[in-house]
Asker: 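Submitted below is the structure of interest, expressed as structure tokens.
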Amino acid sequence: MSKREPRLQFSDEERADPALEKAIRKADKAAGKADAAQAKIPKKTVKVKETVTDPATGKKTVRLRFEEVDKKKPPSKLTHAVRDAPVNTVVGRIHKEIGESEQDNVGVESAHKSEEVAEGAGRLVREGYHSHKLKPYRKAAQAEQRLEKANINALYRKSLQENPQFASNPISRWQQKQAIKKQYAAKRTGQTAGTTAKAAENAAAGAKKAAEETKKAGEFFWRHKKGFGIAIALFLILAMLLNSLSSCSVLFQSTMSTLASTTYPSKDEDMLGAEAAYAGMEADLQDELDNYETLHPGYDEYHFDLDEITHDPYVLVSLLTAYYEGEWTLSEVRGFLSDLFDRQYTLTETVEVEIRYRTETVTDTRWVYDDVLEMWVEEEYEYEVEVPYEYYICNVTLENFDLSHLPVYLLTEDQLGLYAGYMATYGNRPDLFPAGEYPGVVSRQPFTDYDIPPEALADETFAAMIAEAEKYLGYPYVWGGSSPSTSFDCSGFVSWVINHSGWNVGRLTANGLLNICTPVSSANAKPGDLIFFQGTYNTTGASHVGIYVGNGMMIHCGDPISYTSINTTYWQSHFYTFARLP
């Protein structure tokens with residue numbers, strides 16, 4: 001029979017919380033299905049001898065009782081003890097101890113579906129398939145696996161709700177989730193701890209798996225040795241400055257883990273092939289536009305309104321790697337490349353028909369009196385008339401939605417964390433697509449400038465912020481971007497600016513930035529305050545942030561980084577609050 005997952009208990013207050021409601025509902029639903037699946041496992045009745053001693057006489061009596069046990073797999077005494085223990089006590093301990101460990105975790109939720117999930121699935125499958133002939137075991141194993149996933153997600157959502165300061169950073173969310181998985185696994189194991197022999201067997205299996213993973217990691221490092229060269233060299237220099245061997249060991253493990261989770265795992269030929277295939281589709285599109293009048297004849301006039309055809313190859317490879325959650329091949333992604341292309345580029349042709357008039361000369365005859373001949377004669381004459389005709393105008397529009405905007409629409413929350421990690425490091429492959437060879441790699445775009453009044457710049461702190469912010473005017477919007485090398489998204493841009501203007505807050509989301517600020521009214525807002533918006537995409541809390549510069553203007557990472565008025569209908573409809581940095 002498959003190992004039973006805990007049935008989590010939640011308070012009425014937690015169930016009423018909109019941020020937890022969905023996750024708790026899924027956990028409850030998964031628990032119900034798991035209980036139903038467990039109930040369908042075949043039972044058989046067995047006789048159990050029980051010796052009862054009379055306290056008064058000391059006489060011993062042997063009695064028989066009957067109980068139902070799982071067919072083919074009778075429970076051990078330890079299983080009985082755990083089964084008979086109050087489940088709520090066990091679950092309460094898991095809640096408490098996982099909650100206490102949450103605050104020790106920091107970094108980006110890259111949402112890697114790591115080997116821990118695979119091991120859990122493998123364990124459940126092995127246990128569920130104990131009897132290949134019994135379908136209920138398989139159903140129970142699958143139900144318990146789904147319950148495990150729902151439980152972990154519910155605990156993770158609860159931890160973010162209780163510790164909002166960790167929700168601001170994707171890396172911290174990822175590390176937090178991994179810690180919760182480990183804690184959950186440890187507490188679940190504590191529920192049904194096995195014998196010493198079983199523990200030794202598990203340890204041996206773990207050691208074997210670790211050896212296999214080490215071998216894979218070695219092959220992975222060798223395949224990407226160019227990308228790791230700089231990072232390892234920096235690590236060695238740093239390690240020389242450390243006095244403690246234990247500190248070096250921890251740093252090495254952390255560094256290697258970070259490198260592995262942010263490095264492109266696919267082969268160079270596949271990544272370069274995907275970029276070439278995508279660039280080829282762009283070339284075909286450009287060729288069609290260059291020869292549009294020849295390829296689409298029959299119109300009197302052509303009007304073109306065309307966005308630039310371009311993309312960042314690092315965005316493409318990061319998106320593919322996050323979407324497939326690891327290594328992929330060119331043959332696997334060809335269909336998805338076409339889908340991406342169709343989502344990025346929209347070519348539209350509309351035809352207008354105008355009724356126009358042209359002047360034509362018409363020949364006609366008329367009778368005139370000839371004085372010489374003294375008779376009426378017929379003569380030809382010409383005159384001009386305005387003749388209506390249909391005039392066809394072909395309007396051709398090309399919209400480039402920007403590839404860097406698509407991850408929000410195509411990736412799950414976990415995959416978005418992965419994507420952010422890859423973009424922040426260029427997949428540890430800065431040599432893969434060198435800047436200059438690819439026009440989409442952090443190239444400036446046209447932007448709206450603004451002259452800030454001199455009196456506002458008298459504030460040295462604000463002047464420092466603007467001096468840093470204006471360095472990046474025209475940089476494109478890149479989801480998850482947080483540095484000049486990758487370009488920025490809105491919160492990455494503001495985090496970078498304030499971290500280089502006197503603060504040290506790390507890389508925060510828009511909501512994370514709001515959490516460290518003090519809200520101020522619109523009447524009291526001043527240059528240097530942050531301005532927050534909500535509902536610009538489907539998320540709770542602040543979804544966009546800019547730097548207010550006074551006079552109803554802000555500098556922000558739109559597309560591209562630019563100055564813009566906050567008094568437009570769009571920004572006013574999404575306005576959330578002004579807030580002042582600490």
Side-chain angles (χ1 to χ4, degrees), residues 307-308 310 312 399-402 404-405 440 442-503 505 507-510 513-514 517 519-537 542-581:
D307 285 347
E308 184 181 7
T310 184
D312 187 329
E399 180 184 2
N400 182 347
F401 186 69
D402 197 322
S404 66
H405 295 179
V442 192
S443 57
R444 290 182 187 263
Q445 301 173 5
F447 60 89
T448 301
D449 206 350
Y450 173 70
D451 291 327
I452 297 175
E455 56 270 21
L457 296 173
D459 183 329
E460 293 184 0
T461 300
F462 175 62
M465 292 174 68
I466 293 304
E468 182 64 26
E470 288 190 339
K471 293 178 183 178
Y472 312 109
L473 285 168
Y475 273 48
Y477 180 97
V478 173
W479 197 96
S482 58
S483 72
S485 62
T486 61
S487 198
F488 304 91
D489 61 13
C490 68
S491 57
F493 170 63
V494 174
S495 296
W496 176 274
V497 169
I498 64 178
N499 283 329
H500 290 78
S501 307
W503 288 270
V505 301
R507 200 308 191 193
L508 300 177
T509 63
L513 288 166
L514 178 58
C517 293
V520 296
S521 66
S522 299
N524 293 323
K526 67 177 184 178
D529 288 340
L530 303 187
I531 180 170
F532 295 89
F533 302 88
Q534 62 183 347
T536 54
Y537 67 94
S543 61
H544 188 76
V545 60
I547 301 172
Y548 184 59
V549 300
N551 294 334
M553 297 291 292
M554 70 173 173
I555 184 170
H556 73 131
C557 185
D559 193 17
I561 293 174
S562 183
Y563 284 101
T564 192
S565 171
I566 66 171
N567 293 321
T568 64
T569 302
Y570 177 82
W571 290 120
Q572 285 298 304
S573 67
H574 291 285
F575 175 74
Y576 192 17
T577 186
F578 287 100
R580 191 155 295 159
L581 287 161

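All residue numbers refer to positions in the sequence shown, counting from 1.
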Asker: What is the ring orientation for Phe401 with His405, classed by angle as parallel under 30°, tilted 30 to 60°, or perpendicular over 60°?
Answerer: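 Answer is perpendicular, since the angle exceeds 60°.
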Asker: Applying side chain to side chain donor-acceptor pair (under 3.5 Å), can you list everything that pairs with Tyr472, at least two apart in sequence or on another chain?
Answerer: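 For Tyr472, the residues satisfying side chain to side chain donor-acceptor pair (under 3.5 Å) (neighbours in sequence not counted) are Glu468, Trp496.
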Asker: One pair to check against side chain to side chain contact (heavy atoms under 4.5 Å, CB included): Phe578 and Leu530. What are the steps and the verdict?
Answerer: CA-CA 6 Å; Phe578 287 100; Leu530 303 187; over 6 Å; no
Asker: To the nearest 0.5 Å, tell me how far Phe575 CZ sits from Ile566 CD1.
Answerer: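 Going from CZ on Phe575 over to CD1 on Ile566, the span is 6.5 Å.
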Asker: Taking the side chain as every heavy atom from C-beta outward, state whether Met554 and Ile547 have any pair of such atoms under 4.5 Å apart.
Answerer: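 No, too far: nothing below the 4.5 Å cut-off.
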Asker: With side chain to side chain contact (heavy atoms under 4.5 Å, CB included) as the test, would you mind laying out the steps for Tyr576 and Ile531 before giving the verdict?
Answerer: CA-CA 8 Å; Tyr576 192 17; Ile531 180 170; over 6 Å; no
Asker: Any pair with a residue in residues 521-533 that passes side-chain hydrogen bond (donor to acceptor under 3.5 Å, both in side chains), sequence neighbours left out, goes on the list, sorted by first then second residue, please.
Answerer: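 For residues 521-533, and leaving out neighbouring residues, the side-chain hydrogen bond (donor to acceptor under 3.5 Å, both in side chains) pairs sorted by first residue read Ser521-Asn524, Asp529-Arg580.
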Asker: Looking at Ser543 and Cys490, what are the two nearest heavy atoms and their distance?
Answerer: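 Answer, listing the atom of Ser543 first, then Cys490: O-SG, 4.1 Å.
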Asker: Can a donor-acceptor pair be found, under 3.5 Å and without considering hydrogens, that links the side chain of Ser487 to the backbone of Pro476?
Answerer: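 Side chain of Ser487 to backbone of Pro476, a donor-acceptor pair under 3.5 Å: yes, one is there.
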Asker: Which pair of non-hydrogen atoms, one from Leu508 and one from Ser491, has the smallest distance, and what is that distance?
Answerer: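 For Leu508 versus Ser491, the nearest heavy atoms are O-CB, 3.3 Å.
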Asker: Holding to side chain to side chain donor-acceptor pair (under 3.5 Å), I want the full list of residues that pass it with Asn400, two or more places apart in sequence or in another chain.
Answerer: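 Testing Asn400 for side chain to side chain donor-acceptor pair (under 3.5 Å), a comparison that skips the adjacent residues, returns Gln344.
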Asker: In terms of the angle between their ring planes, are His544 and His556 parallel, tilted or perpendicular, with boundaries placed at 30° and 60°?
Answerer: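 His544 and His556: perpendicular rings.
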Asker: Take Leu514 and Val545 through the side chain to side chain contact (heavy atoms under 4.5 Å, CB included) test and state the conclusion after the steps.
Answerer: CA-CA 9 Å; Leu514 178 58; Val545 60; over 6 Å; no
Asker: Do Trp503 and Ser501 have side chains that approach each other closer than 4.5 Å (heavy atoms only, starting at C-beta)?
Answerer: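 In contact.
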Asker: Using a 3.5 Å cut-off and no angle test, enumerate the donor-acceptor pairs between side-chain atoms of residues 446-463 and protein atoms at least two apart in sequence or in another chain.
Answerer:
from   : atom 1 : to     : atom 2 : distance (Å)
Tyr450 : OH     : Asn551 : ND2    : 3.4
Asp459 : OD1    : Thr461 : N      : 3.0
Asp459 : OD1    : Phe462 : N      : 3.3

Asker: Start with the C-alpha distance between Tyr563 and Leu473, add both sets of side-chain angles, then the distance that settles side chain to side chain contact (heavy atoms under 4.5 Å, CB included), and finish with yes or no.
Answerer: CA-CA 8 Å; Tyr563 284 101; Leu473 285 168; 4.2 Å; yes
Asker: Would you say Tyr477 and Asp489 make side-chain contact, with heavy atoms under 4.5 Å?
Answerer: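 Side-chain contact under 4.5 Å: yes.
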Asker: What pair of heavy atoms forms the shortest contact from Phe532 to Ala510, and how long is it?
Answerer: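 Nearest pair, atom of Phe532 first, then Ala510: CE2-O, 3.2 Å.
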Asker: Contact between Leu513 and Ser495 at the side-chain level, heavy atoms closer than 4.5 Å - yes or no?
Answerer: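 Touching, per the 4.5 Å side-chain cut-off.
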Asker: Asn499: what forms a side chain to side chain donor-acceptor pair (under 3.5 Å) with it, not counting sequence neighbours?
Answerer: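 Checked Asn499 against side chain to side chain donor-acceptor pair (under 3.5 Å); zero matches.
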Asker: What is the ring orientation for Phe533 with Trp571, classed by angle as parallel under 30°, tilted 30 to 60°, or perpendicular over 60°?
Answerer: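 Judged by the thresholds at 30° and 60°, the geometry between Phe533 and Trp571 is tilted.
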Asker: Just to verify, what does Ser404 make a side chain to side chain donor-acceptor pair (under 3.5 Å) with, not counting sequence neighbours?
Answerer: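 Ser404 satisfies side chain to side chain donor-acceptor pair (under 3.5 Å) with Asp402 only.
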Asker: Checking side-chain contact (heavy atoms from CB on, under 4.5 Å) between Met465 and each of Ile555, Ile498, Val549, which is the one that passes?
Answerer: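 When Ile555, Ile498, Val549 are each tested with Met465, the side-chain contact (heavy atoms from CB on, under 4.5 Å) holds only for Ile498.
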